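Structure first, commentary second.
Computed over heavy atoms, backbone and side chain alike; hydrogens, waters and symmetry mates excluded. Just so it is clear, the model here is predicted, and its values are computed rather than measured.
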Protein chains: 2
Amino acid sequence: MSYSLTSFSKDTFNTALREKGLRPTKQRACVYGVILGKRDHPTADDIYDRVKRHLPGTSFATVYNCLETLVGCGLVKQVNMDRSPTRYCPNLTPHAHFRCTQSGKIYDVEIDNDTLSLIQALVPEGFEAENLDLSFSGTGKPSNN
Amino acid sequence: MSYSLTSFSKDTFNTALREKGLRPTKQRACVYGVILGKRDHPTADDIYDRVKRHLPGTSFATVYNCLETLVGCGLVKQVNMDRSPTRYCPNLTPHAHFRCTQSGKIYDVEIDNDTLSLIQALVPEGFEAENLDLSFSGTGKPSNN
DNA sequence: AAGCTAAATTGGAATTATTCTAATTCCTGA
DNA sequence: TCAGGAATTAGAATAATTCCAATTTAGCTT
């Protein structure tokens, strides 16, 4: 294996895949490792570049396939902001995102439980929300780039 | 004019455009009228179809141009959910969206002021949010389709 | 009312992110 | 070891949107 997951995440990874009857392949491990390794909300494109450094033969299709698999196993989450390319994030706790319109950077924003409950309470009678997406955009940390 | 805006919305429309030094053309009025006329969160494609019934010569590019203009003037809002085509909405009050994964329908969800304040308070020190997007997905009204 | 100019519209080509397809390669269990 | 399903691969295809260059139009100016 040319990308090292910690024994903890390796275990999480193997278990999550095996539970769905899927194989923990080196490409999937590498994609997962790349996402865990630099938590900057990379796009599929970014991930492709990083994966190729470890597994040069990897194709774009494989990166997309692996990402779909990892999302399906609940190991990573997709982050969609406006029409920009989908980004990927290993933070599985309920959280929002903030995109700085100047730098394009995306920051995780914690959601405390009280606010989370109130947000969930917005959903009208008769509707059952399985997912919620909350994102902000604006100007981020001015100096510290 | 082959699409009738109420005198109220016609005025809103003219004023909003003129304030930006833009021309209230019949295509723009028609796109706006179509969005006001059926508040089902239509896509650009839907809008194109509806506009063509009133102004048959209209091109796709024009629909996109008009939509961009209307958004820029603050007359309509874009609704982006996941990777699906952008939808358009004339509801300018702060509100969230719920997408039924079964029917694909999108519903407006009111956000009360208290919850809105709490949501805005999530944004960390040093960040300035200009926009917020909140959306839910799940199963909607089971019977009443 | 006619002419002028910038703004808007048009059709089609181009772009971009993503998905599909069919062929090959790889694992894994018998 | 070998069969058979799963995963990967390269490249074509798709879908939404944007770009472009040419034409038309709206709103002045006279």
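The side chain of A61(B) lies closest to dG11(C), out of dT9(C), dG11(C), dA7(D). Comparing atom distances between the T25(B) side chain and each of dA26(D), dG11(C), dA8(C) picks out dA8(C) as nearest. Of the candidate nucleotides dT8(D), dT18(C), dC27(C), dT18(C) has the atom nearest to the side chain of Y64(A). When each of dT18(C), dA16(D), dT10(C) is scored by its nearest atom to the side-chain atoms of A44(A), the top-ranked nucleotide is dT18(C).
Counting non-hydrogen atoms under 4.0 angstrom, D45(A) reaches nothing in the nucleic acid. Within the nucleic acid shown, T43(B) has no heavy atom closer than 4.0 Å to any nucleic acid atom.
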Begin with the C-alpha distance, continue with both residues' side-chain angles, and end with the deciding distance and a verdict on side-chain contact (heavy atoms from CB on, under 4.5 Å) for C73(B) and L22(B). CA-CA 9 Å; C73(B) 293; L22(B) 300 170; 4.0 Å; yes
Given H97(B) and D108(B), is the side-chain contact (heavy atoms from CB on, under 4.5 Å) satisfied, shown in steps? CA-CA 5 Å; H97(B) 293 99; D108(B) 282 359; 3.2 Å; yes
Run the side-chain contact (heavy atoms from CB on, under 4.5 Å) check on K77(B) and N91(B) step by step: do they pass? CA-CA 7 Å; K77(B) 280 166 84 173; N91(B) 179 350; over 6 Å; no
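Separating the NE2 atom of H54(B) from the P atom of dT9(C) is a distance of 17 Å, rounded to the nearest angstrom. Here dG12(C) presents its P atom at 16 Å from CG of N65(B), a figure rounded to the nearest Å. Going from atom NZ of K52(A) over to atom C1' of dT8(D) covers 13 Å, rounded to whole Å. The NZ atom of K26(A) sits 9 Å away from the C1' atom of dT8(D) (whole-angstrom rounding). Taking atom CG of residue L17(B) and atom C1' of nucleotide dG27(D), one finds them 15 Å apart after rounding to whole Å. Here dT8(D) presents its C1' atom at 13 Å from OH of Y48(A), a figure rounded to the nearest Å.
Each of S59(A) and P24(B) was matched to the nucleotide of DNA chain D holding its nearest heavy atom; the match closer to the 5' end belongs to S59(A). Nearer to the 5' terminus of DNA chain C, by closest-nucleotide assignment, is the contact made by F60(B) (compared with the other of F60(A) and F60(B)).
In summary, D82(A) and R99(A) engage in a salt bridge, as defined by a charged side-chain N under 4.0 Å from a carboxylate O.
In this model, the phosphate group of dT25(D) is not approached by any side-chain N or O of Q27(B) to a distance below 4.0 Å at OP1 or OP2. Here R23(A) does not reach the OP1 or OP2 of dT28(C): none of its side-chain N or O atoms lies under 4.0 Å away.
Using a 3.5 Å distance cut-off with no hydrogens or angles, the side chains of T43(B) and D46(B) do pair a donor with an acceptor.
The distance between the ring centers of F136(A) and F127(B) does not fall below 6.0 angstrom.
Near DNA chain C, meaning a heavy atom under 4.0 Å from it, residues 66-90 of chain A has P85(A), T86(A) in order of number.
Applying the side chain to side chain donor-acceptor pair (under 3.5 Å) rule to pairs touching residues 124-137 of chain B yields nothing, sequence neighbours excluded.
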